J.: 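This is the structure I have questions about; it appears just below.
All values reported here derive from a predicted model rather than from experimental measurement.
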Amino acid sequence: MGFKEIEIRNFRGIRHLLLSDVKRVNLFVGRNNCGKSSVLDAAFLLTGFSNPALCYRINQFRDYNHFAEEDMALNFYNMDVSVPIRLRGKLGERAVRELEIAPVVEASRIVEPAEGPAGGLLSSREEDGKAGLSLMYSYVSEDGGQGAGGAAIFPEDRARDDKIEVRSPGTFRDTLHGVYVNSKFAFEIAVDDLSRIIEEKQEGMVVEILRRIEPKIRSIAVLKSGVSVDVGLSRLIPVNMLGDGIRKLLALATTLYKCRNGILFVDEIDNGLHFSSLPSLWKAVVEMAESLNAQVFATTHNVESLRALSGVLAEERMAAYRKDVMCYSLRRLVTDELKAYGYSFEKFQYAINQEIEIR
Amino acid sequence: MTRIFVEGRDKVFMEVYLAHLFGRNEGRWEVVSAGGYTKLPLLDLQFKENSEAGGMNLVVFDADFEENGGGFVARKSYLQARLAELALEADLFLFPNDKADGDFETLLENIVNKEHECLLRCFEQYERCVAGHCDAAGKPKYLLPTRKAKIYAYVESIKKSRREAERFKGGKEFFFDDSRYWDLNSSYLFPLRSFLETRVVG
């Protein structure tokens, strides 16, 4: 399925966090700036632990497109690069993966003997070395096989901070894959992915999900002009005409389909959705995750969304899914440790019904 | 922060009384509706979260009566056992005064505005009258009104402005902050006040 346990150390605002009972669908709530999105980012890094470019990508999600030397510290706890970022994930009874991220300085450089010390001063520190991040990853697979590797990421050019150089010499091919959906891109429908769904004759599943919001939808197609739907009129109409709820749900369903046997990360999963569409969203997420054997990590701070999830799981026909869902309330302790209080269905539903604040 | 778990129908009273004692909340306390004294296992995370954040938990439930399976000693012992079993840290106070059998309604009956206390006597006469009607077999013919109904009748009987009447509709508002109805400085509240004063952090 995906992760069963995740441990995060020294990553951004998180000194330490242990998620010990990770389920198929995991929803994170907590105050602003408590670290919800960072938990997703860390789990995403761990999912693609041999891909150093993700260190840069996760900052791009936050509209930060720079990767200069001074940016190396951004993902370290208290920006202290002397303590490495350590991520560990348990994937099965035996399968474990670990990732350590630390700063690295490229030692080799060209020194021109003809160059004398500038202004006649000689410094013991010549600062031409290129600074980047090193990633050391290791894993134990379910059959007991072990492996390890390393990779690094550097700014391509000291003069430019928007291009990166990735060094990934290993031959490790990861079988685990994840897709991260940033709230900013929540309405972008991946046309290629939808085409694949149609090619694989699975569009019925998508149509069924969309019909929960718009019952008139009969079928879906990818045309030159984009994604269109049949709502019983004389011609297909672009899905964009049907409003944000449909588009968001379609985007999510399409992305989730891409995560078959993998992991989906969605920041602010309900962003832009009217509260009346939230039960449809959660039904789609919970059912699709199960049928596609996908794992979902999502964040929200929307109480309507929590009520909708609680309501969906309370339905008798959804009873089988209850054990697959966990809502984590993230709280910072006095020790500055981040603690996740995991609400299983019964406690989650009770807290929602009693209007107890768990966000 | 002090997190105060109450059974539910007493939540508004507790919030009003805390404001009466300590002024503005400013994050010092939070009143949580537990939904009943048997629900502690469903609330363990709220207790643990507050303890681990350096806060204090208080449980303010009804002592209840022997007739309904409670009573001060039995209920205190039951709750202490549940808290220990769940490894939860909390201090206990049982309505009405942490020593007698009773409940939230008992406490309210004891803090009504003395001017209107006669209304309770009127209701008790009505209760006796209802209880006096028996069927052919000599058994009580009618159900006795609940003790909540007594409090409701007390609040309902006091004259209200149109706006107050609107707020009261359906028993949603019991005007706990209005001295025409309730005496929040009553000596009957001293045990509760003393319990809270030593535990709500300034």
Side-chain angles (χ1 to χ4, degrees), chain A residues 13-23 26-36 39 301 303 306-307 309-311 313-314 319 322-323 325-359, chain B residues 1-16 18 25-62 79 82-83 85-90 104 170 172-173 201-202:
Chain A
I14 306 172
R15 189 172 69 80
H16 179 246
L17 172 70
L18 175 66
L19 297 172
S20 57
D21 192 14
V22 181
K23 302 289 190 190
N26 305 282
L27 180 61
F28 295 89
V29 296
R31 296 187 179 96
N32 279 337
N33 207 34
C34 76
K36 298 186 293 289
V39 172
H301 32 228
V303 71
L306 300 181
R307 285 190 193 127
L309 176 58
S310 172
L313 293 174
R322 289 172 191 164
K323 65 180 187 329
V325 179
M326 186 75 94
C327 178
Y328 293 96
S329 175
L330 296 179
R331 294 285 186 265
R332 196 166 294 282
L333 305 184
V334 280
T335 57
D336 206 27
E337 187 172 351
L338 193 61
K339 178 139 186 186
Y341 295 89
Y343 286 78
S344 57
F345 167 70
E346 205 183 10
K347 289 178 184 177
F348 175 65
Q349 188 192 39
Y350 195 72
I352 297 298
N353 290 348
Q354 290 300 116
E355 297 186 350
I356 295 171
E357 185 59 86
I358 62 170
R359 293 172 298 160
Chain B
M1 184 186 65
T2 306
R3 183 167 282 170
I4 304 159
F5 295 84
V6 296
E7 293 207 19
R9 65 194 192 291
D10 41 1
K11 185 169 187 270
V12 175
F13 168 79
M14 185 58 78
E15 281 166 345
V16 169
L18 286 162
N25 186 343
E26 292 168 341
R28 286 181 290 168
W29 65 80
E30 180 187 15
V31 183
V32 173
S33 172
Y37 75 93
T38 59
K39 304 296 186 186
L40 291 181
L42 291 169
L43 296 162
D44 62 337
L45 294 174
Q46 274 79 25
F47 281 83
K48 286 176 182 165
E49 182 220 310
N50 192 45
S51 295
E52 288 170 354
M56 176 179 258
N57 297 314
L58 308 182
V59 172
V60 182
F61 284 179
D62 293 335
L79 289 169
R82 292 290 83 73
L83 290 168
E85 190 179 290
L86 295 162
L88 304 178
E89 289 171 21
F104 177 53
K172 287 179 201 157
E173 166 74 67
V201 284

J.: For residues 35-42 of chain B, tabulate all N or O donor-acceptor pairs below 3.5 Å that involve a side-chain atom, not counting sequence neighbours.
T.:
none

J.: Sort out for me which of B/G54, B/A53, B/A34 touches chain A most, counting heavy-atom pairs under 4.5 Å.
T.: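 Highest number of heavy-atom pairs under 4.5 Å: B/A34.
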J.: How long is the gap from CZ on A/F348 to CG on B/L45, to the nearest 0.5 Å?
T.: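 Output value for this atom pair is 12.5 Å.
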J.: Which atoms form the tightest heavy-atom contact between B/Q46 and A/A351, and what is the distance?
T.: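 The pair with the smallest heavy-atom distance is NE2-CB, 4.1 Å.
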J.: A/R359: what forms a side chain to side chain contact (heavy atoms under 4.5 Å, CB included) with it, not counting sequence neighbours?
T.: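 Per chain and number, A/R359 pairs via side chain to side chain contact (heavy atoms under 4.5 Å, CB included) with A/V29, A/V303, A/L306, A/E357.
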J.: Is it the case that more than 12 heavy atoms not belonging to A/E337 sit under 6.0 Å from its CD atom?
T.: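 Buried by this count: over 12 neighbours within 6.0 Å.
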J.: Side chains of B/E49 and A/I358: does their closest heavy-atom pair fall under 4.5 Å?
T.: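 In short, these two side chains do not touch, never coming nearer than 4.5 Å.
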J.: Quick check: under 4.5 Å, non-hydrogen atoms only, which of residues 4-12 of chain B neighbour chain A?
T.: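 None at all.
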J.: Name, in order of residue number, those residues of residues 326-336 of chain A that have a heavy atom at a distance of less than 4.5 Å from a heavy atom in chain B; otherwise write 'none'.
T.: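 Residues in range: A/R331, A/L333, A/V334.
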